[in-house]
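Structure first, then comments.
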Amino acid sequence: MKLEIQERRYLHFDRPFFGDVALAMVSDPDRVARWSFMPFLHIDLEKVRVKRQVDGSLVPDTKKRPIYYAAHKDAALYFYYSEKLGSIYESLLDRLGISECVTAFRKSRGMCNIHFAHEVFQEIGKHEQCTVHTFDVSSFFENLDHKILKRLWERLLGTQGLPVDHYSIFKSITRYSYVDRVAAFLAFEISSPEGGAFKRRHICEADEFRERIRDAGLIHRHTDSNSAEWETKGIPQGSPISALLSNLYMMDFDLAVAAAVRNLGGIYRRYCDDIVCVVPDGSGVDIEALIKVEIAKLKLEIHSTKSTIHQFRRVNGALVCKEQRPVQYLGFLFDGKSIRLRTVALSRYYAKMRRGVRAVDRARKGADLEAGTQTKMRTKALHRRYTYLGRRNFLSYAHRAAEIMGSKAIRKQLKPHLARFTSYVQMKDDHWLRRSAISFESLRVWYLSRKG
């Protein structure tokens, strides 16, 4: 089947680049060897989590994840080479017999997090006594060593030294530059990615880029914090090739740990930097020590505070977790009896639902003030986005998980969602529709005068 370069609609320094013209360019090794790469755009995705302290108090903890997305031409190139390398990588996993161990960033398996988590929970249920180890690699993408990555890339291709086109890409992904997206948008008075995308196809022309970005000193290089030299580790998370390279980087680790755990009668699974091992009790092997030794060979470290050990055993036929707290994996919790969604996932869903309703409420009020009428909120789109009526939302994913995992607990967690959604919409409607005619007219005069 012919590979297609799809259009990417985000706003960047260059125009969207796709179709047959794009495919012809990115598939020409001589052209790729001379490719001029643009800086990435950089943003920090923030997640606020609430952590319970020893004294029982709840303290918010903000986690930042740096994301870099490539210019359209560069993204097309990365995508093409990711597909080429990916087919070789998939064949290698099959030959080594560890295809089932690597679960993230792979299209060929036709599975998702629901299946991966369910498989692990089913494996736990097969044993009379077993221990579940979970590990998290510290700052994974930021610490991938460039020399190790290059060596593994060469080994995948079966070459001594990278071909010139592959080396061009390797150099761009290890010696990369970037521009903070907020700074770039401010330089061209773009209010938001969404607003800017409707008004323009790209951020700027080449001469404007040189004047307002490059000459203004907005381009940052991925250099060592203690020197001006290029950093020797780290690749940008977010490019179309970064996910594949992260899997390739862990190849030797996957092979060693999978073989060791399999010999013990257990299973090993890795989803990006999340690692889980299910091992029958009585093996006498220190799994934690094994993981740390193998990860150190890749110049990476295990995040000690995110590593857990859970011991399961059957008591009167029922599977019980000794630690009396569920094992957590890929957004699901398992205590030996039931599978549930993480409470933080539900909290995040309800927060998004309330934000979505408030946004529609604001739009409704603006339209009503323009027209001089008070109307009920239109909820068709909201139902598709935040209730079970939608086909591709959190609720549809959660219901699918409940079906695949056979979890009554998940269905029970989801049961209140429609009542909460309806109640919140009704509250917004009541607040707006109960406003008196005099109050509404006064607000309308103020609103129209403000619009000028």
Side-chain angles (χ1 to χ4, degrees), residues 5-18 22 25-26 32 34-47 62-82 139-144 146 149 168-246:
I5 306 295
Q6 300 290 335
E7 181 179 6
R8 298 171 187 268
R9 296 184 178 273
Y10 56 74
L11 199 60
H12 216 292
F13 294 121
D14 62 345
R15 292 177 175 82
F17 182 69
F18 57 97
M25 291 180 66
V26 301
V32 173
R34 303 188 306 272
W35 200 273
S36 295
F37 291 87
M38 295 288 288
F40 288 88
L41 278 180
H42 165 251
I43 58 174
D44 281 322
L45 295 184
E46 292 189 357
K47 282 187 178 180
T62 302
K63 180 181 179 181
K64 289 186 178 182
R65 175 173 294 176
I67 299 296
Y68 302 84
Y69 56 105
H72 293 287
K73 285 188 176 181
D74 300 342
L77 178 62
Y78 289 141
F79 169 75
Y80 178 77
Y81 274 79
S82 176
S139 303
F140 183 49
F141 283 88
E142 295 93 321
N143 284 311
L144 302 187
H146 296 166
L149 177 61
S168 176
I169 295 171
F170 169 78
K171 197 162 59 171
S172 75
I173 212 76
T174 53
R175 296 186 175 187
Y176 63 91
S177 59
Y178 61 92
V179 177
D180 182 77
R181 191 178 71 175
V182 173
F185 284 2
L186 284 175
F188 292 95
E189 299 179 352
I190 301 173
S191 58
S192 69
E194 294 78 15
F198 286 113
K199 296 175 184 177
R200 56 177 84 198
R201 296 280 282 168
H202 63 311
I203 292 177
C204 59
E205 300 293 343
D207 58 339
E208 293 175 313
F209 175 84
R210 288 191 292 269
E211 179 184 347
R212 299 197 204 179
I213 300 295
R214 187 191 65 187
D215 295 346
L218 297 183
I219 300 178
H220 305 279
R221 300 197 313 163
H222 181 56
T223 55
D224 190 308
S225 58
N226 298 319
S227 69
E229 299 297 320
W230 286 108
E231 182 60 89
T232 59
K233 62 182 180 180
I235 64 173
Q237 184 176 1
S239 85
I241 201 172
S242 296
L244 172 68
L245 295 181
S246 71

Tell me if a side-chain donor or acceptor on [X] pairs with a main-chain N or O of [Y] at a distance below 3.5 Å.
| X | Y | value |
| --- | --- | --- |
| S168 | V32 | yes |
| R221 | A228 | yes |
| H12 | Y69 | yes |
| S242 | P236 | yes |
| D74 | A70 | no |

For [X] against [Y], the heavy-atom pair lying closest together:
| X | Y | answer |
| --- | --- | --- |
| S82 | L244 | O-CD2, 3.4 Å |
| L245 | L149 | O-CD1, 3.9 Å |
| W35 | M25 | CZ3-O, 4.1 Å |
| R212 | F188 | NH1-CD2, 3.5 Å |

Item to complete: Return the orientation label for the Y10 and H72 ring planes: parallel under 30°, perpendicular over 60°, tilted otherwise.
Response: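 Correct class here is parallel.
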Worksheet item: Relative to the ring of H222, is the ring of H146 parallel (under 30°), tilted (30 to 60°) or perpendicular (over 60°)?
Response: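 Judged by the thresholds at 30° and 60°, the geometry between H146 and H222 is tilted.
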Worksheet item: Do I213 and I203 pass the side-chain contact (heavy atoms from CB on, under 4.5 Å) test, and can you show the C-alpha distance, the side-chain angles, and the key distance before you say yes or no?
Response: CA-CA 11 Å; I213 300 295; I203 292 177; 6.0 Å; no
Worksheet item: Stepwise, does the side-chain contact (heavy atoms from CB on, under 4.5 Å) test hold for T223 with E231?
Response: CA-CA 4 Å; T223 55; E231 182 60 89; 5.7 Å; no
Tell me, please, which residues at least two apart from [X] pass side chain to side chain contact (heavy atoms under 4.5 Å, CB included).
| X | result |
| --- | --- |
| H202 | R15, E205 |
| A216 | L218 |
| L186 | V182 |

Worksheet item: Which distance, rounded to the nearest 0.5 Å, do you find between the CG of L11 and the CZ of R181?
Response: 9.0 Å
Response to the item:
So CG of L144 and OG1 of T174: to nearest 0.5 Å the spacing works out to 11.0 Å
Could I get the full list of ring pair (Phe, Tyr, Trp, His ring centres under 6.0 Å) partners for [X], not counting sequence neighbours?
| X | result |
| --- | --- |
| Y81 | H166 |
| Y78 | F37 |
| F141 | none |

Item to complete: State whether K64 and E142 are salt-bridged, where the test is any N-O pair (Lys NZ or Arg NE/NH1/NH2 against Asp/Glu carboxylate O) under 4.0 Å.
Response: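 Result for this pair is no, no salt bridge flagged.
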